[in-house]
Amino acid sequence: GEQVEQLPSSLIVQEGASVLINCSYTDSASVYFPWYKQEPGKRLQFIIDIRSNMERKQTQRLTLLFDKKTKHLSLHITATQPGDSAIYFCSASIYNQGKLIFGQGTKLSIKP
Amino acid sequence: NAGVIQTPRHKVTGKGQEATLWCEPISGHSAVFWYRQTIVQGLEFLTYFRNQAPIDDSGMPKERFSAQMPNQSHSTLKIQSTQPQDSAVYLCASSLALGSSYEQYFGPGTRLTVL
């Protein structure tokens, strides 16, 4: 079945810096890739997604890049703020199956 | 809008006891998912329903786990004869429909501790 790997597992950066989180998947049938953020004690929150017919998606300070050939995604967060401190999860879904397969998460800590 | 509601938020059971977890999806959402989150295994898919019908339970541990959706306003996950390895946060999510256009909204989770 599908496997999703995420790197790095943790990241500590100074406020204002940019960060890059990498994600790779194994099943070429996966077509939808939502990312979620989990702050301490809070529920998983959707932040951005991309479909396999796209190469790039951007919302505010987030840019998500997708390479179908290498089965690789990368999430770029610019101008980080203390509120960005959270665990970020990459996930993959096969069309119409709905279920999400998650990566292990990247714990991002922003130092003020 | 309270979002997806899960009850109880915390549950402690003794080994061998039964645990029932409840989920109320967002009104109007036709798909309901259950996931489990642990430090070691991360986020794992368990099962999901569409229009109350079970579609895929490939992630459910066999024999002791069962899930139902008796009506469109709630789903239950039942664990019989709980074991310490069942300790986890159980997450429920709902989406408007199935397919790659529909975001899944997650509940706050039920933290199950099996002593």
Side-chain angles (χ1 to χ4, degrees), chain A residues 1-10 21 23 25 27-54 57 59 62 64 66 68 73 86-107, chain B residues 1-7 9-10 23-26 29-51 53-60 67 69 88-111:
Chain A
E2 172 69 289
Q3 294 180 31
V4 177
E5 184 176 331
Q6 220 176 307
L7 289 170
S9 57
S10 64
I21 301 172
C23 175
Y25 65 100
D27 194 336
S28 56
S30 290
V31 295
Y32 177 56
F33 306 90
W35 288 65
Y36 288 82
K37 172 185 177 182
Q38 188 174 40
E39 296 175 70
K42 294 190 175 181
R43 63 184 72 193
L44 277 164
Q45 176 191 357
F46 168 87
I47 54 173
I48 193 169
D49 62 4
I50 196 164
R51 290 167 181 77
S52 58
N53 60 353
M54 303 167 66
K57 188 169 185 179
T59 65
L62 304 179
L64 183 54
F66 174 70
K68 192 172 182 176
L73 300 96
I87 302 176
Y88 290 78
F89 292 96
C90 167
S91 68
S93 176
I94 293 172
Y95 182 73
N96 278 343
Q97 284 195 3
K99 70 180 182 185
L100 299 176
I101 305 300
F102 286 90
Q104 287 292 94
T106 296
K107 183 176 182 180
Chain B
N1 183 359
V4 175
I5 298 172
Q6 289 189 250
T7 54
R9 293 294 308 278
H10 302 273
C23 170
E24 180 179 331
I26 294 172
H29 281 196
S30 66
V32 173
F33 303 81
W34 286 94
Y35 297 88
R36 175 167 67 176
Q37 186 173 25
T38 62
I39 298 294
V40 174
Q41 298 294 329
L43 279 158
E44 300 176 282
F45 165 77
L46 295 176
T47 186
Y48 78 91
F49 298 83
R50 179 177 61 190
N51 294 326
I55 301 298
D56 181 352
D57 66 355
S58 59
M60 293 275 271
M69 191 161 184
V89 177
Y90 289 83
L91 299 173
C92 178
S94 71
S95 67
L96 196 58
L98 286 180
S100 60
S101 301
Y102 301 101
E103 176 188 338
Q104 291 186 26
Y105 295 81
F106 282 80
T110 294
R111 181 176 295 279

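Computed over heavy atoms, backbone and side chain alike; hydrogens, waters and symmetry mates excluded. Convention: sequence-line order gives letters A, B, ...; per-chain numbering from 1.
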* Looking at Gly42(B), Pro108(B), Gly109(B), which one has more heavy-atom pairs under 4.5 Å with chain A than the rest? -> Pro108(B)
* Contact check, side chains of Ile50(A) and Trp35(A), non-hydrogen atoms, under 4.5 Å -> no
* Asked: Considering only heavy atoms from C-beta outward, does the side chain of Ser95(B) approach that of Phe33(B) to under 4.5 Å?
  -> yes
* Asked: How many angstroms lie between atom OG1 of Thr59(A) and atom CD1 of Ile47(A), to the nearest 0.5 angstrom?
  -> 8.0 Å
* Asked: What is the distance from atom SG of Cys23(B) to atom CZ of Phe106(B), rounded to the nearest 0.5 Å?
  -> 11.0 Å
Is chain A contacted by the side chain of [X], its backbone, both, or neither, given a heavy-atom distance below 4.5 Å?
X: Ser58(B); value: side chain
X: Gln37(B); value: side chain
X: Leu46(B); value: neither

* Asked: Considering only heavy atoms, which portion of Gln38(A) lies under 4.5 Å from any heavy atom of chain B: side chain, backbone, both, or neither?
  -> side chain
* By a 4.5 Å heavy-atom criterion (distance strictly below it), what part of Phe33(A) contacts chain B: side chain, backbone, both, or neither? ->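 Interface part for Phe33(A): neither.
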* Examine the side chains of Tyr35(B) and Gln104(B) and answer whether a donor and an acceptor come within less than 3.5 Å of each other. =>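 Short answer, yes.
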* Quick one: of Ile101(A), Ile94(A), Leu100(A), who has the most non-hydrogen atom pairs under 4.5 Å with chain B? ->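 Counting heavy-atom pairs under 4.5 Å, the top option is Leu100(A).
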* Please work out whether the ring planes of Phe89(A) and Phe102(A) are parallel, tilted or perpendicular, with thresholds of 30° and 60°. => perpendicular
